[in-house]
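Since the structure comes first, as structure tokens, the remarks are kept for the end.
Chain A is the first sequence line, chain B the second, and so forth, proteins listed ahead of strands; every chain is numbered from 1.
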Amino acid sequence: MDSAEFHSAVYHIVRQIPQQHVATYGNIARLVGMPHHARHVGQALKFLSPDVNPPVPWHRVLSSSGAISSRGPGTDGAARQAQELEAEGIEVIQTRSGELKVDLQRWGWNPEPGSIDINWS
DNA sequence: ATGATGACTTAAG
DNA sequence: TCTTAAGCCATCA
């Protein structure tokens with residue numbers, strides 16, 4: 001599986017995250033079959049253009065702690081993601097240190113490995 | 001070839 | 001709940 005296929009696979013899985021649910025980078029990586037590529041899931045999402053069709057609900061992907069990954073100081077990506085999540089009815093809380101997070105126990109999506117469609121092409 | 005960089009994760013204290 | 005440390009691996013300078 002090359003890079004392009006990996007990206008396609010990631011998009012395919014992310015598109016299956018149901019409304020009002022969130023998944024983690026690591027989980028997506030596992031579902032795609034590359035459990036050590038959590039970081040690259042983020043890379044794939046970064047390359048996403050806003051007008052892809054069908055749309056990819058990138059905002060439903062979080063880190064394993066439930067925190068919305070900061071895109072670096074001075075960026076607004078995290079805040080925009082929080083806004084998308086709230087727009088769909090998912091509760092976003094803020095920690096003392098100012099981190100935005102979602103309660104994975106409540107909103108997390110944990111499909112049985114065999115219960116989802118893996119074939120993207 | 002080499003070293004730095006991430007929209008990361010897990011374990012430990 | 002934080003902070004550190006170590007592991008991870010494609011991409012880039």
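OP1 or OP2 of dT10(B) has at least one side-chain nitrogen or oxygen of S64(A) nearer than 4.0 Å. Note on S69(A): a side-chain N or O is less than 4.0 Å away from OP1 or OP2 of dC8(B). An OP1 or OP2 oxygen of dT11(C) is reached within less than 4.0 angstrom by a side-chain nitrogen or oxygen of S3(A).
Counting non-hydrogen atoms under 4.0 angstrom, G77(A) reaches nothing in the nucleic acid.
If you measure from atom CZ of R39(A) to atom P of dG6(B), you get 9 Å, rounded to the nearest angstrom. Distance I28(A) CD1 to dC9(C) C1': 18 Å, rounded to the nearest Å. We find that CE of M34(A) is positioned 15 Å from C1' of dT11(C), with the value rounded to whole Å. Atom-to-atom, NE2 of H36(A) to P of dA6(C) comes out at 19 Å; the value is rounded to the nearest Å. The distance between atom CG of L104(A) and atom C1' of dT9(B), rounded to the nearest whole Å, is 13 Å. Separating the CD1 atom of I93(A) from the C1' atom of dT1(C) is a distance of 12 Å, rounded to the nearest angstrom. Y25(A) places its OH atom 17 Å from the C1' atom of dC8(C), with the value rounded to the nearest Å. Computed from coordinates, the L85(A) CG to dA7(B) P distance equals 18 Å when rounded to whole Å.
Of the two residues near DNA chain B, H40(A) and R30(A), the one whose nearest nucleotide lies more 5' is H40(A). The nearest heavy atom of DNA chain C to Q43(A) and to R96(A) marks one nucleotide each, and the one closer to the 5' end goes with R96(A).
Heavy-atom minimum distance, P57(A) versus P55(A): CD-O, 3.7 Å.
Separation of the P atoms belonging to dA7(B) and dG7(C) is 22 Å when rounded to the nearest angstrom.
Atoms CD1 and NE2, on I28(A) and H12(A) in that order, are 11.5 Å from each other to the nearest 0.5 Å.
Here the side chain of T95(A) is nearest to one of dC2(C), dA7(B), dC9(C), namely dC2(C). With distances taken from any side-chain atom of A38(A) to the nucleotides dC9(C), dT9(B), dA7(B), the minimum falls on dT9(B).
Ring orientation note: the planes of H40(A) and F6(A) are nearly perpendicular, at an angle over 60° on the 30°/60° scale.
Residue V61(A) is tested with L45(A), T24(A), V56(A), I13(A) for a side chain to side chain contact (heavy atoms under 4.5 Å, CB included); the sole match is L45(A).
Cluster annotation: I90(A) and W58(A) are assigned to distinct hydrophobic clusters (Ile/Leu/Val/Met/Phe/Trp/Tyr, side-chain heavy-atom contacts under 4.5 Å, transitive).
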